[in-house]
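The structure under discussion appears below in the form of structure tokens.
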Amino acid sequence: MKNPVVILGRWYSLWWKMRKYPGVYSLSDACTQLRYLLQPQRLTEWELRQWIRKELSIRSESDGVLEIEIKRNGLIFYWLGSLSGGLAMGVRQEMEPSHAHYYNVPPIHLTPASLVLDIGACEGLFAIRVARARQAARIICFEPSARTASFLARAAGKNGVADRIKVEVFAVGRASGEVYFTDSESPEANRVVSTAVGGARKTPQVCLDDYCRDKQIRLGATDLIKVDAEGADLDVIRGAERIIREGAPQIAVTTYHEPAHAGDLIEFLRSLQPGYRFRLKGVTCFRTPDSIRPVLLQAALPLNAGAGQ
């Protein structure tokens, strides 16, 4: 059972520790989603299931995948997983700009000419939302699960944005090569693993520096690298050292998979681009009740500084 006093103490300790980076982790951003840490899990799950009933229209396709329509905006995606609170959280984070996991709020500013590299695209909600709103000219989605990538491409066509979304079936990491990858029952739990355990199979991996060199892609300050790589997040950014150093693209990267990632990412990105403005958002428990971590780090040059890039 949760002990709210202990959780509050650990949350406060995290927020205080991150004060070593002035202006990065505001108290209001640190409080985002704090109530989910404090209230009973069964209440959270009940709330999220009620949200699914209210906000989503769901029907089963002939191949067993679920076609899900978000009622308030008509966006459609395909899902092969459980109708749990995790699904509700994944959809809400793409509908509510106040959500800690919402990628493109300040300091991130996309333009109709932006290029987005979407690492860990999963079912494609972020890419499709951005493409439908014409907040970017092109989104390149990296998804190592061929099954999930096929659902993403299917959804891009269904939503009329296939011309602006390219799907690459690769893992992304620090170096190009091969890694072990496991397809889980629910797409948001797919991940790169260290060994061939639990049905993991080898899959090709690219680093962004190599990919952009080979494809002759040059990123600038109005472009975005978005990362949700289920624990490989820091390696993804380390594999983009050259393109970050040369072009200063905007960054939105999850920080909750590993306890040290928030600080390590800030330090590494600051070493490449001292002019980056950082924002750390949200708080969550990951896997165990005592592992309280920030949710998302954003980095971008100030608007005027990036204008000439």
Side-chain angles (χ1 to χ4, degrees), residues 52 56-70 73-84 86-95 101-104 110 114-173 179 181-192 201 203-206 208 211 215 217 223-233 236 252-254:
I52 288 174
L56 303 182
S57 177
I58 302 168
R59 72 181 186 87
S60 181
E61 297 276 273
S62 58
D63 57 359
V65 69
L66 300 176
E67 182 182 273
I68 301 179
E69 180 177 358
I70 303 172
N73 62 11
L75 189 153
I76 292 172
F77 66 100
Y78 295 93
W79 186 255
L80 189 64
S82 61
L83 298 177
S84 65
L87 170 63
M89 290 293 280
V91 178
R92 286 180 63 182
Q93 75 188 39
E94 294 301 337
M95 295 176 59
H101 213 299
Y102 197 91
Y103 297 100
N104 57 312
L110 294 176
S114 294
L115 168 63
V116 177
L117 304 184
D118 183 355
I119 317 305
C122 199
E123 75 297 310
L125 275 172
F126 167 75
I128 293 167
R129 171 176 66 79
V130 168
R132 285 195 357 154
R134 297 192 176 275
Q135 294 174 323
R138 187 162 57 121
I139 304 101
I140 303 175
C141 295
F142 295 84
E143 174 49 54
S145 166
R147 179 184 65 186
T148 303
S150 70
F151 297 153
L152 194 167
R154 185 168 162 184
K158 186 77 173 182
N159 288 278
V161 294
D163 59 328
R164 293 193 293 283
I165 291 179
K166 178 178 177 63
V167 182
E168 296 279 27
V169 187
F170 294 125
V172 180
V179 291
F181 178 79
T182 179
D183 266 317
S184 301
E185 290 185 7
S186 196
E188 77 273 19
N190 296 343
R191 66 184 63 247
V192 171
R201 55 176 175 77
T203 194
Q205 174 173 282
V206 296
L208 292 180
Y211 181 87
K215 301 292 185 180
I217 293 171
D223 301 319
L224 172 67
I225 301 173
K226 167 263 178 185
V227 186
D228 185 354
E230 300 301 323
D233 313 270
V236 171
V253 53
T254 52

Inset, instruction - Kindly write out the residues that satisfy side chain to side chain contact (heavy atoms under 4.5 Å, CB included) with Ser57, not counting sequence neighbours, or none if the list is empty. - result: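 In terms of side chain to side chain contact (heavy atoms under 4.5 Å, CB included), with neighbours along the sequence ignored, Ser57 is linked to Glu69, Lys71.
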
Inset, instruction - Name all residues meeting the side chain to side chain contact (heavy atoms under 4.5 Å, CB included) criterion together with Ala153; count only those two or more places apart in sequence or in a different chain, and write none if there are none. - result: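 Side chain to side chain contact (heavy atoms under 4.5 Å, CB included) check on Ala153 returns Val167.
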
Using modelled atom types and a 3.5 Å cut-off, is there a donor and acceptor pairing between side-chain atoms of [X] and backbone atoms of [Y]?
| X | Y | value |
| --- | --- | --- |
| Glu143 | Ser145 | yes |
| Gln93 | His101 | no |
| Asn159 | Ile76 | yes |

Inset, instruction - Can you measure from CG (Leu83) to CG (Leu56) and round to the nearest 0.5 angstrom? - result: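 The CG atom of Leu83 sits 8.5 Å away from the CG atom of Leu56.
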
Legend entry - From CD (Glu94) to OH (Tyr102), nearest 0.5 Å: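 Between Glu94 CD and Tyr102 OH, I get 7.0 Å after rounding to 0.5 Å.
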
Inset, instruction - Tell me, please, which residues at least two apart from Phe126 pass ring-ring contact (aromatic ring centres under 6.0 Å, His included). - result: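 Phe126 satisfies ring-ring contact (aromatic ring centres under 6.0 Å, His included) with Tyr103 once adjacent residues are dropped.
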
Legend entry - Contacts of Tyr211 that satisfy ring-ring contact (aromatic ring centres under 6.0 Å, His included) - sequence neighbours left out: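 So Tyr211 forms a ring-ring contact (aromatic ring centres under 6.0 Å, His included) with Phe142.
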
Mind checking whether [X] and [Y] have side chains closer than 4.5 Å, heavy atoms only?
| X | Y | value |
| --- | --- | --- |
| Ile140 | Leu115 | yes |
| Val161 | Val130 | no |
| Met95 | Ile70 | yes |
| Lys166 | Ile139 | no |
| Pro144 | Val169 | no |
| Leu152 | Glu123 | no |
| Ile68 | Tyr78 | no |
| Leu110 | Leu224 | yes |

Legend entry - cation_pi(Arg129, Phe77) dist<6.0 Å, angle<=45: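 Ring-cation test returns no.
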
Inset, instruction - Just do the side-chain contact (heavy atoms from CB on, under 4.5 Å) check on Leu66 and Arg59 with the steps written out, would you? - result: CA-CA 6 Å; Leu66 300 176; Arg59 72 181 186 87; over 6 Å; no

Inset, instruction - Test Val116 against Ile225 for side-chain contact (heavy atoms from CB on, under 4.5 Å), laying out the working first. - result: CA-CA 6 Å; Val116 177; Ile225 301 173; over 6 Å; no

Legend entry - Pairs where residues 152-164 contributes a residue and the test salt bridge (Lys or Arg N to Asp or Glu O under 4.0 Å) is met, not counting sequence neighbours: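 Qualifying pairs, neighbours excluded: Glu61-Arg154, Asp63-Arg154, Glu67-Lys158.
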
Inset, instruction - Only one of Val179, Leu117, Ile119 passes side chain to side chain contact (heavy atoms under 4.5 Å, CB included) with Val172; say which it is. - result: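 That would be Ile119.
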
If you compare all heavy atoms of [X] against all heavy atoms of [Y], which two are closest, and at what distance to 0.1 Å?
| X | Y | result |
| --- | --- | --- |
| Ala156 | Ile165 | CB-CD1, 4.1 Å |
| Thr254 | Ala229 | OG1-N, 4.2 Å |
| Thr203 | Ala171 | CG2-CB, 4.3 Å |
| Leu208 | Val236 | CD1-CG1, 4.2 Å |

Inset, instruction - Not counting sequence neighbours, which residues clear side-chain hydrogen bond (donor to acceptor under 3.5 Å, both in side chains) with Asp118? List them please. - result: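 With sequence neighbours excluded, Asp118 shows a side-chain hydrogen bond (donor to acceptor under 3.5 Å, both in side chains) to Lys226, given in chain and number order.
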
